[in-house]
Amino acid sequence: MTIKKKKKLYEGKAKILYSTGNSYSLIQHFKDEATAFNAKKKEVIEGKGVLNNFLSEFFMQKLNSVNVPTHFIRRLNMREQLVEKCDIIPLEVVVRNIAAGSLSKRLGIEEGKRLPRPLVEFYYKDDSLNDPLVTESQISTFEWATETELGEIFEIALRTNDFLCGLLSAVNLTLVDFKIEIGRSFRSEGEKLIIADEISPDTCRLWDSKTKKRLDKDVFRLNEGSISIAYTEVADRFDLLPKNVRSAVR
Ligand code: ADP
Ligand code: TMP
Ligand code: ASP
């Protein structure tokens, strides 16, 4: 079925959303812009959008196949995918296996220390407030999600972590931590939560299991080299880029 790109609905830091001819889907376009620290650091990195389109397709499709529901329907072209439209819960759900990033900074835990068990954290999605860390009690009080939804979000987050840890360790990558966004699906009767947005090296910390080399957006955040080289390496470990795409991004 041909999908018509209708109206630009939203342009964010990394993606653009377009309406389609129907009410339940959206076109998600991946841009080449890389931003960090709430867009204080910004750069155009040729090929990044293509890499994240393919990588997010791969991770979301794998999750769909083990019945962790995601918004992904199908990839349309190099930079765009068709996704299920949902009502985004205004939380960034972070799961951590190893201390790094803001956890290390906030609590003084040495980067690289394995946590006794996966840690789930919630950040309120609001750029003007710098996405602050919030408690479960705040989430209930301000009705960002119900208690039932929160239980389901924990379950989705931990299942996603288990599955992705296994998938990545098979190619010698360690999933240090990741962020997901979750939305309420309009399609099914009764409430259903699905993973939305993207899963890519922009939203995960991935280290080579042996050398601990970073293969994620920290390379950009910390000025450690080229993210297109790092992201291509992740894609290559799964051999997921068609030949013509690989030569176009590198
Ligand atoms: P930001 O908004 O932080 O700048 P992006 O550039 O990645 O981030 O923008 C993508 C936006 O699309 C995000 O706000 C995200 O919550 C929203 N989004 C992602 N998937 C869906 C979906 N399936 N339905 C509705 N909104 C979505
Ligand atoms: P943090 O250590 O900076 O809090 O990041 C935790 C994880 O969340 C890490 O994998 C990167 C990801 N993340 C995003 O996807 N978007 C963001 O805006 C931030 C701050 C982190
Ligand atoms: N997503 C945020 C930004 O784009 C922060 C980050 O990823 O470091 O600025």
Side-chain angles (χ1 to χ4, degrees), residues 8-20 23-43 45 48-49 52-53 56 60 69-73 79-107 109 111 115 118-134 157 160-161 164 168 174-187 192-207 214-222 227:
K8 186 175 177 176
L9 299 175
Y10 174 81
E11 178 158 4
K13 296 186 289 293
K15 300 186 288 295
I16 306 174
L17 299 178
Y18 295 93
S19 61
T20 62
S23 59
Y24 64 84
S25 68
L26 292 173
I27 293 173
Q28 185 168 244
H29 173 107
F30 288 75
K31 305 198 293 183
D32 278 347
E33 255 111 297
T35 65
F37 315 117
N38 204 2
K40 283 188 199 87
K41 181 172 163 68
K42 212 168 166 179
E43 216 175 289
I45 292 164
K48 172 183 175 273
N52 280 350
N53 187 27
S56 197
M60 296 267 185
T70 80
H71 73 164
F72 180 80
I73 302 173
R79 291 182 178 276
E80 292 174 333
Q81 50 184 251
L82 187 68
V83 299
E84 182 177 343
K85 186 173 168 181
C86 60
D87 171 23
I88 297 282
I89 293 178
L91 297 172
E92 302 211 327
V93 181
V94 169
V95 183
R96 302 178 189 269
N97 298 300
I98 291 176
S102 70
L103 179 75
S104 290
K105 227 178 261 159
R106 191 178 311 111
L107 300 181
I109 305 173
E111 182 174 272
L115 304 175
L119 172 67
V120 181
E121 295 176 336
F122 301 101
Y123 294 81
Y124 180 51
K125 234 174 95 62
D126 185 334
D127 280 349
S128 68
L129 300 173
N130 265 323
D131 298 345
L133 179 70
V134 290
T160 301
N161 184 50
L164 291 182
L168 289 157
T174 300
L175 181 60
V176 173
D177 55 33
F178 64 93
K179 183 267 301 189
I180 49 174
E181 292 185 23
I182 289 179
R184 300 177 184 101
S185 161
F186 302 113
R187 278 237 273 186
K192 190 179 170 203
L193 298 184
I194 59 174
I195 299 181
D197 202 51
E198 71 177 287
I199 301 178
S200 74
D202 262 16
T203 60
C204 300
R205 283 196 176 89
L206 302 172
W207 293 353
R214 300 178 204 277
L215 292 168
D216 57 62
K217 198 172 161 189
D218 270 352
V219 169
F220 171 72
R221 293 190 187 98
L222 306 171
I227 55 170

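Just follow the structure's listing: the first ligand is 1, and inside any ligand the first atom is 1.
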>> Any side-chain to backbone donor/acceptor pair from Thr174 onto Val176? Under 3.5 Å, distance only.
In response: no
> Hey, does the side chain of Asp131 reach the backbone of Asp126 with a donor-acceptor pair shorter than 3.5 angstrom?
Replying inline: yes
>> Salt bridge or not between Glu121 and Arg96? Use side-chain N to carboxylate O under 4.0 Å.
In response: yes
> Which ligand 2 atoms does Cys204 reach within 4.0 Å, using its non-hydrogen atoms?
Replying inline: 10 (O)
> For Lys41, does the NZ atom have more than 12 heavy-atom neighbours from other residues, nucleotides or ligands under 6.0 Å away?
Replying inline: yes
>> So which atom in Leu193 and which in Pro69 form the shortest heavy-atom distance, rounded to 0.1 Å?
In response: O-CG, 3.6 Å
> Got a donor-acceptor contact below 3.5 angstrom from the Lys179 side chain to the Tyr123 backbone?
Replying inline: no
> When you check the side-chain N and O atoms of Asn97 and Asn161, is any donor under 3.5 Å from an acceptor?
Replying inline: yes
> Which protein heavy atom lies closest to atom 8 (O) of ligand 3, and at what distance to 0.1 Å?
Replying inline: Arg221 NE, 2.7 Å
> Which bit of Asp202 is near ligand 2, meaning a heavy atom under 4.0 Å away: side chain, backbone, both or neither?
Replying inline: backbone
>> Consider salt bridge (Lys or Arg N to Asp or Glu O under 4.0 Å). Of Asp32, Asp197, Asp202, which one does Lys15 pass it with?
In response: Asp197
> What's the shortest heavy-atom distance between Asp216 and Leu206, and which atoms?
Replying inline: OD2-N, 2.8 Å
> Does Asp218 pair with Arg205 as a salt bridge, N-O distance under 4.0 Å?
Replying inline: yes
>> Give me the residue, atom name and distance of the protein heavy atom closest to atom 7 (C) of ligand 2.
In response: Asp177 OD1, 3.7 Å
> For atom 1 (N) of ligand 3, which protein heavy atom lies nearest, and how many Å away is it?
Replying inline: Lys217 NZ, 3.8 Å
> How close do Ala99 and Ile109 get, heavy atom to heavy atom, and via which atoms?
Replying inline: CB-CG2, 3.6 Å
>> Arg214 vs Glu111, test: salt bridge (charged side-chain N to carboxylate O under 4.0 Å, His left out). Steps then yes/no.
In response: CA-CA 12 Å; Arg214 300 178 204 277; Glu111 182 174 272; 3.1 Å; yes
>> Distance under 4.0 Å to a non-hydrogen atom of Ala39: what atoms of ligand 3 satisfy this?
In response: 3 (C), 9 (O)
>> If the criterion is any heavy atom closer than 4.0 Å to an atom of ligand 1, which residues make the list?
In response: Tyr10, Gly12, Lys13, Ala14, Lys15, Leu17, Leu26, Gln28, His71, Val83, Glu84, Lys85, Cys86, Ile88, Lys125, Glu181, Ala196, Asp197
> Would you say ligand 3 has an N or O under 3.5 Å from any N or O of Thr35?
Replying inline: yes
>> Below 4.0 Å, non-hydrogen atoms only: which portion of Lys105 touches ligand 2? Side chain, backbone, both or neither.
In response: neither
> Which pair of heavy atoms, one from Phe178 and one from Ala157, lies closest together, and at what distance?
Replying inline: CZ-O, 3.8 Å
> Which residue owns the protein heavy atom closest to atom 4 (O) of ligand 2, what's the atom, and how far is it?
Replying inline: Ser102 OG, 2.6 Å
> Got the closest protein heavy atom to atom 5 (O) of ligand 2, with its distance?
Replying inline: Arg205 NH1, 3.5 Å
> Just which atoms of ligand 2 are under 4.0 Å from any heavy atom in Gly101?
Replying inline: 2 (O)
> Do any nitrogen or oxygen atoms of Lys13 come within less than 3.5 Å of a nitrogen or oxygen of ligand 3?
Replying inline: no
>> For Asn53, run the side chain to side chain donor-acceptor pair (under 3.5 Å) check against Lys48, Glu198, His29, Gln81 and tell me which one passes.
In response: Gln81
> Which residue holds the protein heavy atom closest to atom 20 (C) of ligand 2, what is that atom called, and what is the gap in Å?
Replying inline: Glu92 OE1, 4.9 Å
>> Apply side chain to side chain contact (heavy atoms under 4.5 Å, CB included) to residues Gln28 and His71 and explain how you reach the verdict.
In response: CA-CA 11 Å; Gln28 185 168 244; His71 73 164; 3.6 Å; yes
> Looking only at protein heavy atoms, which one is nearest to atom 14 (C) of ligand 2, and how far off is it?
Replying inline: Lys179 CE, 3.7 Å
> Which atoms of ligand 2 are found less than 4.0 Å from any heavy atom of Phe178?
Replying inline: 10 (O)
> Does Arg96 approach ligand 2 within less than 4.0 angstrom via side chain, backbone, both or neither, non-hydrogen atoms only?
Replying inline: side chain
> Which ligand 2 atoms are under 4.0 Å away from a heavy-atom of Arg221?
Replying inline: 11 (C)
> Closest non-hydrogen protein atom to atom 5 (C) of ligand 3, residue and atom name please, with distance?
Replying inline: Phe37 N, 3.7 Å
> Any protein heavy atom under 4.0 Å from atom 12 (C) of ligand 2?
Replying inline: yes
> Side chains of Thr20 and Ser25: is there a donor and an acceptor less than 3.5 Å apart?
Replying inline: yes
>> At less than 4.0 angstrom from any non-hydrogen atom of Thr203, what atoms of ligand 2 do you find?
In response: 10 (O), 12 (C), 15 (O)
